[in-house]
Amino acid sequence: LFVCLTAFVFSADALRRNLILLASFFCLAGCQTKPLPPVDVSQPGWKLREGQAVWRPKKDFPEIAGELRIASNPHGQSWLQFSKEPFPIVIAQMSPSQWQINFVPQQKSYSFRGNPPAKIGWLQLLKGLSGETVRKPWRFEKLDVETWRLENSRTGETLEGFLSPP
């Protein structure tokens with residue numbers, strides 16, 4: 001009987017530990033970053049630039065031309081909208097500690113803390129236009145004051161365009 005009770009207590013402790021570990025895993029895995037609040041570029045401090053861009057999502061894909069709006073403020077926040085009027089295609093924003101991107105037609109949204117992943121070109125564009133270094137395999141090139149090009153040599157994705165002067 002003592003051996004059976006000892007085995008039961010051990011099993012109950014092990015079960016309890018496993019349940020706690022499992023619950024912790026689901027809590028951590030289920031945590032999502034709270035979305036960034038909507039940006040109002042008409043608020044004081046925001047500098048808005050508008051222009052045109054051409055996006056090629058992959059090497060063999062057709063180009064998509066559209067309107068590009070980019071804004072930034074002195075607090076390190078930046079915002080981008082690429083649209084084929086009247087429909088937005090991509091809306092992205094970054095703060096010093098978080099990033100978020102919405103692919104509107106696909107109804108997909110991603111948000112997380114820290115630096116944006118290298119694979120999302122739109123977020124690398126925000127970095128390049130603000131003077132920060134873009135992550136490899138991206139290459140950002142400022143052609144003159146208003147025009148620029150961003151290219152991923154691995155995937156063939158490109159973004160190029162121009163913006164109104166700051």
Side-chain angles (χ1 to χ4, degrees), residues 25-26 28-43 45-166:
F25 171 76
F26 281 117
L28 291 174
C31 288
Q32 289 188 348
T33 303
K34 184 177 169 184
L36 289 167
V39 170
D40 181 357
V41 297
S42 67
Q43 292 295 311
W46 282 95
K47 292 183 181 173
L48 177 66
R49 298 177 68 192
E50 297 179 292
Q52 302 287 312
V54 177
W55 175 37
R56 181 184 305 260
K58 289 187 180 177
K59 185 179 179 180
D60 298 328
F61 279 42
E63 294 178 334
I64 302 169
E67 289 77 32
L68 183 65
R69 299 176 72 211
I70 292 189
S72 61
N73 71 18
H75 306 292
Q77 295 172 297
S78 54
W79 172 86
L80 167 152
Q81 179 176 307
F82 178 69
S83 55
K84 191 80 167 163
E85 291 300 331
F87 304 106
I89 296 171
V90 176
I91 301 171
Q93 60 177 311
M94 292 190 334
S95 75
S97 62
Q98 188 176 340
W99 59 268
Q100 177 176 309
I101 188 159
N102 300 316
F103 295 98
V104 180
Q106 294 87 5
Q107 298 179 346
K108 297 206 182 250
S109 181
Y110 304 94
S111 177
F112 209 74
R113 290 181 290 278
N115 285 324
K119 67 181 181 176
I120 303 178
W122 294 104
L123 297 171
Q124 297 305 313
L125 178 61
L126 283 173
K127 289 178 74 128
L129 289 171
S130 68
E132 295 178 48
T133 303
V134 298
R135 293 177 61 188
K136 293 185 183 206
W138 291 98
R139 188 173 63 103
F140 180 78
E141 183 179 7
K142 202 113 160 126
L143 303 173
D144 62 38
V145 176
E146 289 101 18
T147 59
W148 46 265
R149 177 177 171 82
L150 180 71
E151 180 178 10
N152 182 325
S153 57
R154 288 186 195 154
T155 64
E157 181 176 1
T158 59
L159 286 159
E160 57 186 302
F162 70 91
L163 292 166
S164 59

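Remember, it's a predicted structure, so these values are computed and weren't measured experimentally.
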Query raised in the report: Do the side chains of R69 and V41 get nearer than 4.5 Å, heavy atoms only?
Result: yes

Query raised in the report: Would you find more than 12 non-hydrogen atoms of other residues, nucleotides or ligands less than 6.0 Å from Q107 atom CD?
Result: no

Query - Closest approach of P88 to P105 (non-hydrogen atoms, all atoms of both residues) - result: O-CD, 3.9 Å

Report summary line: Closest non-hydrogen atoms of Q98 and S111, given as atom of the first, atom of the second and distance, are NE2-OG, 3.2 Å

Query raised in the report: Got a sec: does the NZ of K142 have more than 12 other heavy atoms crowding it under 6.0 Å?
Result: yes

Query raised in the report: Of all heavy-atom pairs between R49 and P165, which one has the smallest distance, and what is that distance?
Result: NE-C, 4.0 Å

Query raised in the report: Heavy-atom distance under 4.5 Å between the side chains of W79 and N73, does that happen here?
Result: no

Query raised in the report: So, do L129 and F140 sit near enough that their side-chain heavy atoms are less than 4.5 Å apart?
Result: yes

Report summary line: For L36 and S95, the nearest pair of non-hydrogen atoms, with its separation, is CD2-OG, 4.1 Å

Report task. Could you check if a side-chain atom of W122 sits within less than 4.5 angstrom of a side-chain atom of W99, using non-hydrogen atoms only? Result -> no

**Report entry** Where V134 and Q124 come nearest, the two heavy atoms and their spacing
**Finding:** CG1-O, 3.2 Å

Query raised in the report: Can you find a pair of side-chain heavy atoms, one from M94 and one from K127, that are under 4.5 Å apart?
Result: yes

Query raised in the report: Can you find a heavy atom in the side chain of E157 that is under 4.5 Å from one in the side chain of F61?
Result: no

Report task. Answer yes or no: is there a side-chain heavy-atom contact under 4.5 Å between W148 and L143? Result -> no

Query raised in the report: Do the non-hydrogen side-chain atoms of E50 and E67 ever get within less than 4.5 Å of each other?
Result: no

